[in-house]
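Taking it in order: structure first as structure tokens, then the write-up.
Model, not experiment: these values are computed from the prediction. Each chain gets a letter, A, B and so on, in the order its sequence line appears, and its residues count up from 1.
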Number of protein chains: 2
Amino acid sequence: MSTNHGTPPRAATQGARARARQEVTAAIKDEARRQLAADGPAKLSLRAVARELGMVSSALYRYFASRDELLTALIIDAYDSLGVAAERAEEAFREAGEDVTPARRWVVVCQAVRAWAQEHRHEYALIYGSPVPGYTAPSSTVQPASRVGLLLIRIVREAYEDKGVALPPLPDGLRPEGERIAADIAPDLPPAVMVALVAAWAQLYGLIGFELFGQFNRVVDDDQREPFFAQAAAQLAHGVGLVK
Amino acid sequence: MSTNHGTPPRAATQGARARARQEVTAAIKDEARRQLAADGPAKLSLRAVARELGMVSSALYRYFASRDELLTALIIDAYDSLGVAAERAEEAFREAGEDVTPARRWVVVCQAVRAWAQEHRHEYALIYGSPVPGYTAPSSTVQPASRVGLLLIRIVREAYEDKGVALPPLPDGLRPEGERIAADIAPDLPPAVMVALVAAWAQLYGLIGFELFGQFNRVVDDDQREPFFAQAAAQLAHGVGLVK
DNA sequence: GTCTATAACGAGATAGAC
DNA sequence: GTCTATCTCGTTATAGAC
């Protein structure tokens, strides 16, 4: 209701404050990510972050109420960063590409996830690695965590609308669960597709995690991992019914 | 050169010592596994293990030269325990089962791995979860780590010998790598089979890890996870060319 | 030879008084 | 916000019991 004529106007003052707060928040998270890379999430300590930033530990509590809350912020940031990377890659491919088939879009998304994981291995470990002892993720992480999954669903859905999806029917025992998953997430897709999609989604992270965490070390040559992954991702696309 | 007539004979004496040593070693590892479950591998502490056992920390060094060596022992034990579980399940199925097809044997092994992972979630996290910060596994872990993989290869090989494997050829770019993997691990199998096998192997752990680490929480119903997994494992079998 | 206990070092975290 | 006293940790040196 009150207008503001003064200098500096209230909006600017609040803006400046908000900006400062945002900068400190960002600095805290950056330093926390550095410690994540060095010592892993289990040893993340508010005190150490504060020390490194030249602050006193109590000052940090103005920005994050607890270590767990800082962890949650890092997790949400990681999911969002991964989601944005995947979405951008898919969009760029769709806009620039010739030969845009659903299967190719699927592979592009898989490759984007793999690339992000390799550029952010510690954040990847944070969200898809072992759970942090003593920490349980709050429900605010659920939505960011689903971004990549929803993108994959969108690709399959559009292929399905164009009749570009072909899958054998589900075994009877799984039909009800397939219907439930579909009802929850993508009511327009048949149960068999949803079940295959959830499996492919998990399998994608098996491929990426094995490579990232060294399980391929004496198995797949370093310079062959990219084509190997592309082949496996294409097989996953086939597994959810996307035709070549 | 000196013979021993006394009682107890040397063999028994050594046996007793060796047995005592083995018992203490086992107690140390048991307590370490307990701490693994409570605080994760990053916080595993020799001192805490010693304290809990009523020993003094320096005494532990008679059994493990360092904290990392204790970790290595736990890792090797976990791989071996998992390998034995998978091998036993497969053997039991082969001996008792009617309808023993390669695809069914494959699914049985996958289910055994999943069951072991759920009964030993912290050991599973140790070997297939995020790497432990500051620890790099020595080469002595490589052989135990390959037990399950070799079992899966054996199943596919026997199916291949019976012409029970059908796979499309590899894309040209991956053929050399497929040949290299085959030459290293299973020279009698064609490159396309080996590439598909390595991918399926990684994907299996994606399924298991997602379920274990909570990624399926709002996606697959608790009581439907077993049939869901069985279906996915059967699809993996199909992916390596095992026919129904 | 094999084991355990004492003591210590250097580094880091933590709690609380000020 | 600072300082200090008190913890933990991995690891080693040493001495003595069996």
*Distance test, side-chain N/O of Y61(B) to OP1/OP2 of dT11(D), below 4.0 Å*: yes
Would you classify S57(B) as touching base, sugar-phosphate or nothing, given that sugar-phosphate means primed atoms plus P, OP1 and OP2, and contacts are heavy atoms under 4.0 Å? base
Here the distance between atom P of dC3(C) and atom CD of E23(B), to the nearest Å, is 13 Å
For dT4(C) and R62(B) - does any side-chain N or O of the residue sit under 4.0 Å from the phosphate oxygens OP1/OP2? no
Base, sugar-phosphate, or nothing: which does Y63(B) touch, judged by heavy atoms less than 4.0 Å apart?
-> sugar-phosphate
Of dT6(C), dT2(D), dT11(D), the nucleotide closest to the side chain of V56(A) is dT2(D)
Separation of dG1(D) atom P from L60(A) atom CG, nearest Å, is 10 Å
From the list I28(A), V24(A), L70(A), side-chain contact (heavy atoms from CB on, under 4.5 Å) with L60(A) holds only for I28(A)
note: L53(B), atom CG; dC3(C), atom C1'; distance rounded to Å ~ 15 Å
request  = Using a strict 4.0 Å threshold on nitrogen-to-oxygen distance, state whether R154(A) and E90(A) make a salt bridge.
outcome  = no
Residues D184(B), R218(A): salt bridge by 4.0 Å N-O rule: no
Here the distance between atom C1' of dG10(D) and atom CD of E69(B), to the nearest Å, is 14 Å
Exercise. On the 0 to 90° scale, with breaks at 30° and 60°, tag the F210(B)-W201(A) ring pair as parallel, tilted or perpendicular.
Key: perpendicular
Protein-nucleic acid N or O pairs under 3.5 Å, nucleotides 5-9 of chain D:
unit_1	atom_1	unit_2	atom_2	d
dC9(D)	OP1	S45(B)	OG	3.1
dC9(D)	OP1	R51(B)	NH2	3.3
dC9(D)	OP2	R51(B)	NH2	2.4

I28(B) atom CD1 is separated from dC3(C) atom C1', nearest whole Å, by 12 Å
- Electrostatic pair R88(A)-E91(A), nearest N-O below 4.0 angstrom: no
Looking at S58(B) and dT6(C), is any side-chain donor or acceptor paired with a base atom of the opposite kind under 3.5 Å?
yes
Exercise for review: May I ask you to decide if the ring planes of H120(B) and W116(B) are parallel, tilted or perpendicular, using 30° and 60° as cut-offs?
Suggested key: parallel
Separation of dG10(D) atom C1' from D68(B) atom CG, nearest Å, is 10 Å
CZ of R121(B) to CG of L212(B), rounded to nearest 0.5 Å, is 4.5 Å
